[in-house]
Trainee: 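The structure is given below, and queries will be raised subsequently.
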Amino acid sequence: MSEKVIITGGSGRLGRAVVQGFATAGHEVISLDRELPEDPVSGVDYQIIDLMDAGTTHAEFKKISPQAVVSLAAMAVPFMAPEEVLLKTNTTIAHNVTSAAVEAGATRVILASSPSIMGYGSPGGWVPEKLPLDESQTPRPWHAYGLSKYVAEQIAAMFAAKMGPEGQVKFASFRPCFVIAQEEWSGAPTQQGHTVLERLKDPKLSAPALFNYVDARDVADFLLLLLQRFDRVENGSVFFVGAKDALATRPLAEIIPQIYPELATLSSTLTGDSPAFSIDKARRVIGWEPQRSWRSELQAKL
Ligand SMILES: NC(=O)c1ccc[n+]([C@@H]2O[C@H](COP(=O)([O-])OP(=O)(O)OC[C@H]3O[C@@H](n4cnc5c(N)ncnc54)[C@H](O)[C@@H]3O)[C@@H](O)[C@H]2O)c1
């Protein structure tokens, strides 16, 4: 069924694939971003907006009157701005978009969070309750980016609580693993500047993200399915969205202890190509399965 969907951040690394996926699926897509994309998708309505401005955001959402909203706009990298700027920007955008979506009559709202809210890489040390990480574990963010994404999840949960379980509007957040856009499989730099091949060859490059990754097109497929199957989702839920394997050439049970000795016991279950992030909830609740792996997509030879 074709719907009118606002996608915020539609010009970004992930947004471009989500806009493409939704347009291909037949939805009427309105992308709201501060910038236009280099390569616009035909048929998509691209609007320039600063989502930090509550008045403009509410007015634009009312004008569009979307049925659903997927919000990706954010400062997407830890420490890319002073901590107070990052915190303020991402939480303000999350609140402006969610409240504007509700006021404009949208029935489903999805916010982008991040796996980094779990707290790995903290200079203060980090040992999780268990590995692989799943949605039952308590986030322990250690930087403003992680905190801002944790707050974004809580904003979705706050609106869900306000509506109650039978409310007319449904909310969810998702934590995409390290996003690989399609062109990055053939050598374009990833978000951190390295190529995928370099990340695979040098485990130290992928270790800060605990070897997680996901193809941007698989995220688009997840979001399309979530919109369709919201009736199966507890209001305010959170999902990890990652590849079915780790971005590593050896089992994490071997690599992780070499880099993080304190995780040796917990990582011993991560044998074969198992990732450190569980996507079982997304599989179980909405029946999503990622279709792409570095093993099938990488163009260069290892
Ligand atoms: N890329 C990843 O690996 C990754 C991992 C985890 C979570 N995420 C989250 O997914 C989302 C998308 O990430 P991305 O990699 O595509 O980021 P990106 O930086 O490529 O895209 C973000 C987009 O948001 C827009 N934007 C920022 N501030 C805005 C504002 N005030 N008003 C309007 N638009 C604004 C930017 O112009 C940009 O196009 C973000 O919320 C990010 O935190 C990304």
Trainee: Are the side chains of L263 and P257 in contact, using a 4.5 Å heavy-atom criterion?
Mentor: no
Trainee: First locate atom CG of L133, then atom CG of L210, and finally report the distance between them rounded to the nearest 0.5 Å.
Mentor: 6.5 Å
Trainee: Please determine, by modelled atom types, if Q20 and T24 share a side-chain donor-acceptor pair under 3.5 angstrom.
Mentor: yes
Trainee: Say whether, by atom type as modelled, one donor and one acceptor occur between the side chain of S99 and the main chain of N96 under 3.5 angstrom.
Mentor: yes
Trainee: Quick one, P66 and V5 - any side-chain contact, counting heavy atoms below 4.5 Å?
Mentor: no
Trainee: Would you say the side-chain atoms of D53 pair up with the backbone N or O of D50, donor to acceptor, closer than 3.5 Å?
Mentor: no
Trainee: Would you check if S136 and K130 make a side-chain contact, meaning some heavy-atom pair closer than 4.5 Å?
Mentor: yes
Trainee: Can we call the ring centroids of F239 and F222 under 6.0 Å apart?
Mentor: yes
Trainee: State whether K244 and E289 are salt-bridged, where the test is any N-O pair (Lys NZ or Arg NE/NH1/NH2 against Asp/Glu carboxylate O) under 4.0 Å.
Mentor: no
Trainee: Looking only at heavy atoms, what is the nearest atom pair of P290 and G242, with distance?
Mentor: CG-O, 3.6 Å
Trainee: Between F277 and V241, is a side chain to side chain contact (heavy atoms under 4.5 Å, CB included) present by the stated rule, with each step listed?
Mentor: CA-CA 9 Å; F277 297 78; V241 176; over 6 Å; no
Trainee: Salt bridge or not for R295 and D245, using N-O below 4.0 Å?
Mentor: yes
Trainee: Taking the side chain from T8 and the backbone from A73, do they hold a donor-acceptor pair closer than 3.5 Å?
Mentor: yes
Trainee: Of all heavy-atom pairs between V214 and C177, which one has the smallest distance, and what is that distance?
Mentor: CG1-O, 3.5 Å
Trainee: Once ring pair (Phe, Tyr, Trp, His ring centres under 6.0 Å) is applied, do any residues pair with F211, and if so which ones, sequence neighbours excluded?
Mentor: none
Trainee: So, applying side chain to side chain contact (heavy atoms under 4.5 Å, CB included) with L270, which one of P132, P251, P275 is it?
Mentor: P132
Trainee: Hey, what else clusters with Y213 if you join Ile, Leu, Val, Met, Phe, Trp, Tyr whenever side-chain heavy atoms sit under 4.5 Å?
Mentor: F178, I180, W185, V196, L197, L200, L247, W294, L298, L302
Trainee: Would you check if the side chain of S65 reaches a backbone N or O of K62 as a donor-acceptor pair within less than 3.5 Å?
Mentor: no
Trainee: Does M118 reach the side chain of R140, with side-chain heavy atoms less than 4.5 Å apart?
Mentor: no
Trainee: Using a 4.5 Å cut-off on heavy atoms from C-beta on, say whether the side chain of F22 contacts that of V70.
Mentor: yes
Trainee: With respect to T98, which candidate in I155, V69, I93 satisfies the side chain to side chain contact (heavy atoms under 4.5 Å, CB included) definition?
Mentor: I155
Trainee: Between atom NZ of K281 and atom CZ of R283, what is the distance when rounded to the nearest 0.5 Å?
Mentor: 15.0 Å
Trainee: Quick one: CG on L51 to NE2 on H95, what's the gap to the nearest 0.5 Å?
Mentor: 14.0 Å
Trainee: Might you point out which heavy atoms bring R175 and E153 nearest each other, and give the distance in Å?
Mentor: NE-OE2, 2.7 Å
Trainee: Are the side chain of Y260 and the backbone N or O of V127 linked by a donor-acceptor pair below 3.5 Å?
Mentor: no
Trainee: Going by the angle between their ring planes, with limits at 30° and 60°, are F79 and W142 parallel, tilted or perpendicular?
Mentor: tilted
Trainee: Would you sort out whether M52 and T89 count as a side chain to side chain contact (heavy atoms under 4.5 Å, CB included), showing the intermediate values?
Mentor: CA-CA 7 Å; M52 288 291 284; T89 302; 3.9 Å; yes
Trainee: What heavy-atom pair brings Q299 and E297 nearest, and what distance separates the two atoms?
Mentor: NE2-O, 3.0 Å
Trainee: Do any side-chain atoms of residues 224-237 form donor-acceptor pairs under 3.5 angstrom with protein atoms, and if so which ones, sequence neighbours left out?
Mentor:
{"residue": "R229", "atom": "NH1", "partner": "I286", "partner atom": "O", "Å": "2.7"}
{"residue": "N235", "atom": "OD1", "partner": "F171", "partner atom": "N", "Å": "2.7"}
{"residue": "N235", "atom": "ND2", "partner": "V169", "partner atom": "O", "Å": "3.2"}
{"residue": "S237", "atom": "OG", "partner": "E234", "partner atom": "O", "Å": "2.7"}

Trainee: Is it true that a side-chain atom of K4 and a backbone atom of I64 form a donor plus acceptor pair closer than 3.5 Å?
Mentor: yes
Trainee: Before giving the answer on side chain to side chain contact (heavy atoms under 4.5 Å, CB included), spell out for F174 and V238 the whole-Å C-alpha distance, their side-chain angles and the decisive distance to 0.1 Å.
Mentor: CA-CA 5 Å; F174 71 104; V238 176; over 6 Å; no
Trainee: Drop me the distance from I6's CD1 to T57's OG1, to the nearest 0.5 angstrom.
Mentor: 9.5 Å
Trainee: If you take all heavy atoms of L72 and A112, which pair is closest and at what distance?
Mentor: CD2-CB, 4.0 Å
Trainee: Using a strict threshold of under 4.0 Å (side-chain N to carboxylate O), is an ion pair present between E60 and K63?
Mentor: yes
Trainee: Given side chains that start at C-beta, do those of K149 and L111 come closer than 4.5 Å, heavy atoms only?
Mentor: no
Trainee: When you check the side-chain N and O atoms of S278 and D134, is any donor under 3.5 Å from an acceptor?
Mentor: no
Trainee: May I ask you to say whether E184 pairs ionically with R13, meaning some side-chain N is under 4.0 Å from a carboxylate O?
Mentor: yes
Trainee: When you compare the side chain of Y150 with that of S113, does any pair of heavy atoms fall below 4.5 Å?
Mentor: no
Trainee: Side chain to side chain contact (heavy atoms under 4.5 Å, CB included), that's the test. Do Y46 and V19 meet it? Break it down for me.
Mentor: CA-CA 10 Å; Y46 291 94; V19 163; 3.6 Å; yes
Trainee: If you measure from CE on M75 to CG on L86, what distance do you get to the nearest 0.5 Å?
Mentor: 6.0 Å
Trainee: Extract all donor-acceptor atom pairs below 3.5 Å that involve side chains of residues 29-41 and protein atoms in other chains or at least two apart in sequence.
Mentor:
{"residue": "D33", "atom": "OD1", "partner": "E35", "partner atom": "N", "Å": "2.9"}
{"residue": "D33", "atom": "OD2", "partner": "G10", "partner atom": "N", "Å": "3.4"}
{"residue": "D33", "atom": "OD2", "partner": "S11", "partner atom": "N", "Å": "3.1"}

Trainee: Restricting to side chain to side chain donor-acceptor pair (under 3.5 Å), what partner residues turn up for D202, sequence neighbours left out?
Mentor: none
Trainee: Is a salt bridge present between D221 and R292, judged by a nitrogen-to-oxygen distance below 4.0 Å?
Mentor: yes
Trainee: Which atom pair, heavy atoms only, marks the closest approach of G26 to S2?
Mentor: O-OG, 2.8 Å
Trainee: So for atom CD, which belongs to Q182, do other residues, nucleotides or ligands contribute more than 12 heavy atoms lying within a distance under 6.0 Å?
Mentor: no
Trainee: If you measure from NE2 on H27 to CD on E3, what distance do you get to the nearest 0.5 Å?
Mentor: 6.0 Å
Trainee: Report yes if the side chains of S267 and L252 come closer than 4.5 Å at any heavy-atom pair, otherwise no.
Mentor: no
Trainee: Give a yes or no on whether the backbone of H194 and the side-chain of T190 come within a donor-acceptor separation of less than 3.5 Å.
Mentor: yes
Trainee: Should the heavy atoms of other residues, nucleotides or ligands under 6.0 Å from CD of E129 be counted, would the total exceed 12?
Mentor: yes
Trainee: Quick one: list whatever passes salt bridge (charged side-chain N to carboxylate O under 4.0 Å, His left out) with E254, sequence neighbours left out.
Mentor: R250
Trainee: Is a donor from one side chain sitting under 3.5 angstrom from an acceptor on the other, for E83 and H143?
Mentor: no
